[in-house]
Amino acid sequence: MELEPLYKIKVTCAYCENEFSTSRVRPSLKRSIRTDTDFCGYYRDENPDYYVVRVCPSCGFASTENSNDRLTERQRREFEQNISNRLVKRSYGGARTWEHALETYKLALLCAQTIGEKERIIASLLHHIAWLYRYREDHEQEQRFLKHALSSYIKVFENEGISGNDARLMYLIGELNRRIGAYNEAVKWFSKVINDKKIIDASMIRASREQWALLREEMLSKGEELTEEITG
């Protein structure tokens, strides 16, 4: 007997404390076909990214497993005043279409921005929305959300300071710059990953070298010059 791709988990809502069920894709059935250079995954069957956001059917509060478990009084007030009273409650506990996934991400983004959630969460939600539009080959909306995600990732970098653990973040900032056509900015960030001696993440250093080489070819083919070369 073949396993169903989805299984249910119980989640307690951070706002109303109601316990509800939401679906996840079984780890053994996450069959990735390929992954883009900014970590967007493509899957043979159910896409696990469709199920990242958990939406409470009782109050409509949407979050991810990385969000805060409890809301402060101020956050509760912000959600109640700005979202809860205007929301049409519905359940997203079962299988999700692309449209359902987009709705859940946009609701989670609205909740996160309203309550002042961590910038890393907001950046990730914006990036995932860009991926959803990429699946549909909606280039205009993908670019729009990549730019928002990039701006948010830069805030994360500026607020959290530099450490050896930031290699993936720095690489992502470089890669999103490349994807929106800000080539010289992209090179600066790839260069940071490669030349910073504190960074020992070999996979991110290698990825930065690969993307810089790709970038160089793209710019030469357009007759543009790089303002910065990678030295490391």
Side-chain angles (χ1 to χ4, degrees), residues 5-25 30 38-43 46-153 155-156 172 176:
L6 300 179
Y7 70 100
K8 299 274 191 183
I9 61 167
K10 293 280 189 186
V11 177
T12 301
C13 176
Y15 174 73
C16 72
E17 298 181 3
N18 172 57
E19 187 178 75
F20 63 95
S21 294
T22 191
S23 294
R24 301 290 293 269
V25 177
K30 290 180 183 177
D38 65 341
F39 311 122
C40 174
Y42 297 79
Y43 297 87
E46 283 282 359
N47 186 334
D49 284 340
Y50 281 16
Y51 300 91
V52 167
V53 177
R54 302 97 63 92
V55 183
C56 176
S58 296
C59 69
F61 186 75
S63 62
T64 74
E65 64 181 18
N66 296 317
S67 304
N68 288 327
D69 293 336
R70 294 277 181 87
L71 301 186
T72 64
E73 281 308 310
R74 181 195 61 78
Q75 288 175 321
R76 297 172 71 84
R77 204 162 47 246
E78 293 289 347
F79 174 73
E80 187 174 354
Q81 291 172 358
N82 296 293
I83 301 176
S84 179
N85 297 333
R86 308 173 192 177
L87 210 57
V88 178
K89 280 73 170 178
R90 60 171 296 183
S91 173
Y92 291 95
R96 292 179 185 174
T97 62
W98 179 90
E99 288 79 9
H100 291 149
L102 185 64
E103 286 169 15
T104 65
Y105 273 109
K106 288 193 171 179
L107 181 54
L109 178 64
L110 180 61
C111 288
Q113 290 174 327
T114 299
I115 68 169
E117 183 56 273
K118 295 187 290 287
E119 195 66 43
R120 268 187 192 270
I121 304 260
I122 292 171
S124 178
L125 291 169
L126 288 164
H127 199 179
H128 275 80
I129 293 170
W131 291 349
L132 286 173
Y133 283 117
R134 187 180 305 168
Y135 295 143
R136 285 292 169 98
E137 298 181 357
D138 186 336
H139 184 69
E140 185 180 338
Q141 288 296 334
E142 181 198 341
Q143 285 285 303
R144 178 180 162 224
F145 279 94
L146 283 179
K147 286 172 184 171
H148 288 316
L150 174 59
S151 175
S152 198
Y153 280 131
K155 282 184 196 167
V156 174
L172 257 183
L176 295 199

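For clarity, every value in this text was computed on a predicted model and none was experimentally measured.
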SG on Cys56 to CD on Glu19, rounded to 0.5 Å: 11.0 Å

Please name all residues satisfying ring pair (Phe, Tyr, Trp, His ring centres under 6.0 Å) with Phe61, sequence neighbours left out, ordered by chain then number. Phe79

For the residue pair Leu132 and Phe145, establish whether any side-chain heavy-atom pair is separated by less than 4.5 Å. no

Ring pair (Phe, Tyr, Trp, His ring centres under 6.0 Å) pairs, two or more places apart, involving residues 99-126: Tyr105-His128

So, taking the atom named OG1 in Thr22 and the one named NZ in Lys10, what distance separates them when rounded to the nearest 0.5 Å? 11.0 Å

Flag side-chain contact, heavy atom, 4.5 Å: Glu140 against Arg144: no

If we ignore hydrogens and angles and just use 3.5 Å, is the side chain of Ser124 paired with the main-chain N or O of Ile121 as donor and acceptor? no

Any side-chain heavy atom of Tyr92 sitting closer than 4.5 Å to one from Tyr51? no

Hey, are the side chains of Arg96 and Asn47 touching, using non-hydrogen atoms and a 4.5 Å cut-off? no

Quick one: does Lys8's side chain have a donor or acceptor within less than 3.5 Å of a partner on Gly93's backbone? yes

Taking only residues two or more places apart in sequence or in another chain, which ones pass side-chain contact (heavy atoms from CB on, under 4.5 Å) with Glu78? Arg74, Asn82, Thr114

By side chain to side chain donor-acceptor pair (under 3.5 Å) - contacts of Tyr43 (at least two apart): none

Name all pairs fulfilling the salt bridge (Lys or Arg N to Asp or Glu O under 4.0 Å) condition that reach into residues 50-62, sequence neighbours left out, sorted by first residue then second. none

Is any side-chain heavy atom of His127 closer than 4.5 Å to one of Leu172? yes

Taking all non-hydrogen atoms of both residues into account, name the closest pair between Ala62 and Thr104 and its distance. CB-O, 4.4 Å

According to salt bridge (Lys or Arg N to Asp or Glu O under 4.0 Å), does anything in residues 82-91 pair up with another residue at least two apart or in another chain? List the pairs. Arg90-Glu103

Residues in side-chain contact (heavy atoms from CB on, under 4.5 Å) with Glu73, at least two apart? Arg76, Arg77

Can you check side-chain hydrogen bond (donor to acceptor under 3.5 Å, both in side chains) on Asp38 and Trp131, steps first, answer last? CA-CA 9 Å; Asp38 65 341; Trp131 291 349; 3.3 Å; yes

If we only count heavy atoms from C-beta on, is the Thr12 to Asn18 side-chain gap below 4.5 Å? no

List the residues meeting salt bridge (Lys or Arg N to Asp or Glu O under 4.0 Å) with Glu99, not counting sequence neighbours, and say none if there are none. Arg136

Suppose we screen for salt bridge (Lys or Arg N to Asp or Glu O under 4.0 Å). Which residues come up paired with Glu142, at least two apart in sequence or across chains? Arg134

Checking the side chain of Asn85 only, and the main-chain atoms of Glu80 only, is there a donor and an acceptor separated by less than 3.5 Å? yes

Identify, with sequence neighbours excluded, every residue that meets side-chain contact (heavy atoms from CB on, under 4.5 Å) alongside Gln113. Leu109, Ile122

Applying ring pair (Phe, Tyr, Trp, His ring centres under 6.0 Å), can you list everything that pairs with Phe39, at least two apart in sequence or on another chain? Tyr171

Taking side-chain contact (heavy atoms from CB on, under 4.5 Å) as the test, write out the residues that go with Arg24, two or more places apart. Tyr7, Ile9, Glu65

